[in-house]
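Order of the sequence lines sets the chain letters (A, B, ...), proteins ahead of strands, with each chain counted from 1. Heavy-atom basis, side chains included; hydrogens, waters and symmetry copies ignored. Remember, it's a predicted structure, so these values are computed and weren't measured experimentally.
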Protein chains: 2
Amino acid sequence: MVTVHDVAARSGVSIATVSRTLRSPHRVSEETRDRVLAAVQDLGYQPNRAARGLRGGRTGVIALVVPDIENPYFSALTKGAQASARERGYGLVVVDTTERADVEAAEIQAVGPQIDGIILASSRLPDDQLAQTAAATTCVLVNRYDTTDGSLTPTVTIDEAVGAHAAIAHLYELGHRRLLYVGGPDRAWSQARRSKAIREAVASYPDLALEELSGFSPDAQGGRNAADAARAGGAQAVIAYNDLVALGLLARWSETGIRVPDDVSLVGFDNTYVAELSFPPLTSVGADLREFGETAVTLLLERIDAPEGAAERLRADPDAVEQLHREVPPRLVVRSSTAAPAR
Amino acid sequence: MVTVHDVAARSGVSIATVSRTLRSPHRVSEETRDRVLAAVQDLGYQPNRAARGLRGGRTGVIALVVPDIENPYFSALTKGAQASARERGYGLVVVDTTERADVEAAEIQAVGPQIDGIILASSRLPDDQLAQTAAATTCVLVNRYDTTDGSLTPTVTIDEAVGAHAAIAHLYELGHRRLLYVGGPDRAWSQARRSKAIREAVASYPDLALEELSGFSPDAQGGRNAADAARAGGAQAVIAYNDLVALGLLARWSETGIRVPDDVSLVGFDNTYVAELSFPPLTSVGADLREFGETAVTLLLERIDAPEGAAERLRADPDAVEQLHREVPPRLVVRSSTAAPAR
DNA sequence: ATGAAAGCGCTAACAT
DNA sequence: ATGTTAGCGCTTTCAT
């Protein structure tokens with residue numbers, strides 16, 4: 001292992017100068033700097049993160065906590081976060097909580113002291129625990145708000161209203177007037193928001209009817225379970241909680257001879273890559289998830305690098321508070337699971 | 001932050017005793033141990049990994065390097081590795097190389113010194129670079145061998161022969177006699193092995209005919225691209241390089257009115273969760289990928305914890321060398337994409 | 001502009 | 001069985 005001492009010896013300076021050259025180059029003469037950097041290069045010196053972390057209180061590592069890394073939504077998010085963290089010289093530790101709040105809490109506890117910050121994606125923690133975590137750690141929330149008054153926890157969310165309007169407008173223009181929303185688990189934070197956004201979007205069209213089913217697990221099995229009930233009401237178009245639910249609906253319908261989009265149009269949410277895997281490929285509403293992950297990392301690193309007392313300054317500045325919350329507008333991607341209703 | 005000093009003060013012992021209580025409990029009197037552990041509990045003490053790493057040369061972190069975390073194969077692998085690492089008190093840093101060998105090399109370089117070991121999954125490195133990396137770091141290879149003579153790099157692979165035989169036997173028993181294998185990229189390490197295993201399995205049936213197409217990208221697009229050519233030869237059953245390719249074939253065939261399994265049977269590889277997403281769901285051959293990830297972590301930690309000189313002892317013991325290489329037998333999971341050929 | 005030295009939290013000799 | 005202490009590699013005052 002190459003250390004500062006090796007570099008110092010090689011370039012004929014003290015270890016302090018080596019450190020300075022790397023951390024604050026302007027405080028070192030140009031001549032010395034060149035010599036040191038050359039030695040760094042020659043020796044392939046890599047500062048030891050553990051040592052740096054010990055001294056400076058920073059570890060150069062952040063954590064991303066997700067409910068299920070196998071879910072395409074979170075793997076896309078992880079991909080973006082990972083790339084962004086790497087680019088900025090941070091390591092990314094991934095924690096999969098297997099959808100369990102207790103595991104999530106335990107892991108935050110265990111990993112918290114060893115890292116510079118946490119990204120909590122679709123946290124399953126109850127509100128009070130979330131607020132407590134947000135207060136105790138440097139963290140960024142994805143797909144969830146800290147509902148505490150005056151909370152300064154940075155947040156990245158989807159603008160559900162934009163997404164819902166895009167989906168509803170698309171179906172309306174195709175000529176559908178009887179819609180059905182197949183929702184996710186009633187306890188899910190996104191389910192409440194998404195459902196509300198869809199109801200509001202529908203309400204802006206006086207001649208649109210909306211039914212709603214909910215309580216299905218947010219995966220393909222949930223869609224399969226919903227499939228028969230979803231056809232009972234005679235809706236012309238179905239909007240699913242997410243792409244996996246949509247694929248479940250599609251699979252079960254295919255078994256029973258119901259054709260998409262001939263018999264019923266189908267729209268998914270999140271626009272994950274699985275939307276392109278099915279036949280027909282799925283029309284879906286979603287933001288760029290990788291970008292989503294990148295944004296979360298950016299926000300977190302801003303937080304980490306913020307000088308002490310920045311929070312107080314923020315609290316005073318209402319504009320800055322807005323900066324903390326990024327609400328990303330999703331796009332509608334039309335594929336062939338939606339079409340005009342049969343006459 | 002709670003340190004050993006806080007725990008020591010609280011329990012009225014020295015910091016050394018605190019450390020001992022945690023590292024080697026048997027070297028501490030039972031009475032003291034209880035007192036220290038109580039203090040640890042009360043204060044919520046968490047040993048600082050950076051400090052421990054600095055002292056002992058261990059960081060408590062391992063890295064998993066994958067070509068693409070969004071690929072369901074690697075996200076399942078990651079899930080297993082993550083769970084296993086966490087269980088044993090290790091952090092897991094995930095690195096996504098976006099399928100690029102240069103990124104992979106650079107990341108191994110950057111991350112190597114800061115961690116205790118690396119799991120290289122489906123490495124895209126050329127043989128010589130891989131051998132060099134394997135020699136220079138504590139690492140475990142997944143889905144790839146270090147071809148160096150006498151290499152002691154632990155390896156986890158799929159037993160392709162078992163998988164191929166299972167798939168071919170299944171199709172044979174259904175009555176198919178004309179088969180087609182749609183292979184992946186010609187340069188891919190798995191493609192060569194899989195293709196060979198399939199040819200050998202087919203050869204054990206005198207009345208089986210096998211065609212082969214290859215060079216397709218290992219994703220749904222690759223499958224779509226292969227779809228038309230795959231029908232040209234008139235094969236009764238198609239075996240795809242992996243599930244994504246199979247889904248691509250399926251999607252394109254559905255567009256053109258070709259029905260699975262009525263017109264052609266279809267088998268995927270890897271048995272990822274996407275195999276269950278399609279209609280019809282995919283018959284697929286694969287090992288339990290989470291277990292695969294767990295095995296890799298186990299092997300790596302054994303390596304990390306191995307005392308100095310263990311390598312020499314290993315080299316002397318031919319049985320132990322076998323232990324280094326785990327070849328996992330996959331299972332065939334029959335779903336409805338395979339059926340007897342129409343008469 | 002540069003160097004000497006303290007110390008981050010921990011573990012492992014060494015001493016008692 | 002327990003305490004004292006050196007030192008891992010680094011950053012950061014404080015001197016010079």
Using atom types as modelled and distance alone, determine if a side-chain donor or acceptor of A:Arg86 lies under 3.5 Å from a backbone N or O of B:Asp96.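 Pair found, side chain donor or acceptor close to backbone of B:Asp96.
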Using modelled atom types only, decide if a donor and an acceptor are shared between the side chain of B:Arg124 and the backbone of B:Ser122 within a distance under 3.5 Å.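 Checked: pair present.
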Between [options], which one does the side chain of [X] approach most closely?
{"X": "A:Arg27", "options": "C:dC8, C:dT2, D:dT11", "result": "C:dT2"}
{"X": "A:Arg20", "options": "D:dC14, D:dC10, C:dC14", "result": "D:dC14"}
{"X": "A:Tyr45", "options": "D:dG3, C:dC10, D:dC10", "result": "D:dC10"}
{"X": "A:Met1", "options": "D:dG9, C:dC10, C:dA4", "result": "D:dG9"}
{"X": "A:Ser29", "options": "D:dC10, C:dG3, C:dA1", "result": "C:dA1"}

Roughly, in whole Å, what's the span from [atom1] in [X] to [atom2] in [N]?
{"X": "A:Arg58", "N": "C:dG9", "atom1": "CZ", "atom2": "C1'", "value": "18 Å"}
{"X": "B:Arg33", "N": "D:dT2", "atom1": "CZ", "atom2": "C1'", "value": "14 Å"}
{"X": "B:Leu54", "N": "C:dA12", "atom1": "CG", "atom2": "P", "value": "13 Å"}
{"X": "B:Gln46", "N": "C:dC10", "atom1": "CD", "atom2": "C1'", "value": "15 Å"}
{"X": "B:Ile15", "N": "D:dT2", "atom1": "CD1", "atom2": "C1'", "value": "12 Å"}
{"X": "B:His5", "N": "C:dT11", "atom1": "NE2", "atom2": "P", "value": "12 Å"}
{"X": "B:Gln114", "N": "D:dG9", "atom1": "CD", "atom2": "C1'", "value": "11 Å"}

Touch check for [X], heavy atoms < 4.0 angstrom, all strands: base, sugar-phosphate only, or nothing?
{"X": "B:Arg23", "result": "sugar-phosphate"}
{"X": "A:Val13", "result": "sugar-phosphate"}
{"X": "A:Thr3", "result": "sugar-phosphate"}

State, without any angle test, whether [X] and [Y] hold a side-chain donor-acceptor pair at a distance under 3.5 Å.
{"X": "B:Thr298", "Y": "B:Arg88", "answer": "yes"}
{"X": "A:Ser123", "Y": "A:Glu104", "answer": "yes"}
{"X": "A:Thr153", "Y": "A:Ser151", "answer": "yes"}

Scan B:Val103, B:Val111, B:Leu120 and name whichever one has a side chain to side chain contact (heavy atoms under 4.5 Å, CB included) with B:Val65.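 Testing B:Val65 for a side chain to side chain contact (heavy atoms under 4.5 Å, CB included) against B:Val103, B:Val111, B:Leu120 leaves exactly one candidate, B:Leu120.
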Examine the base of D:dG9 for any acceptor or donor lying under 3.5 Å from a partner atom in the side chain of A:Arg49, and report the outcome as yes or no.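 There is none.
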B:Arg55 (side chain) and D:dG9 (base): donor-acceptor pair under 3.5 Å: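 There is none.
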Does a side-chain N or O of [X] approach OP1 or OP2 of [N] to a distance below 4.0 Å, or not?
{"X": "B:Arg52", "N": "C:dT11", "answer": "yes"}
{"X": "B:Thr17", "N": "D:dG3", "answer": "yes"}
{"X": "A:Thr32", "N": "C:dT2", "answer": "yes"}

Identify, between A:Ala50 and B:His26, the residue whose nearest nucleotide on DNA chain D lies closer to the 5' end.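 Going by which nucleotide is closer to the 5' end, it is B:His26.
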B:Val28 or A:Pro47: which one's nearest nucleotide on DNA chain D is closer to the 5' end?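 The answer here is B:Val28.
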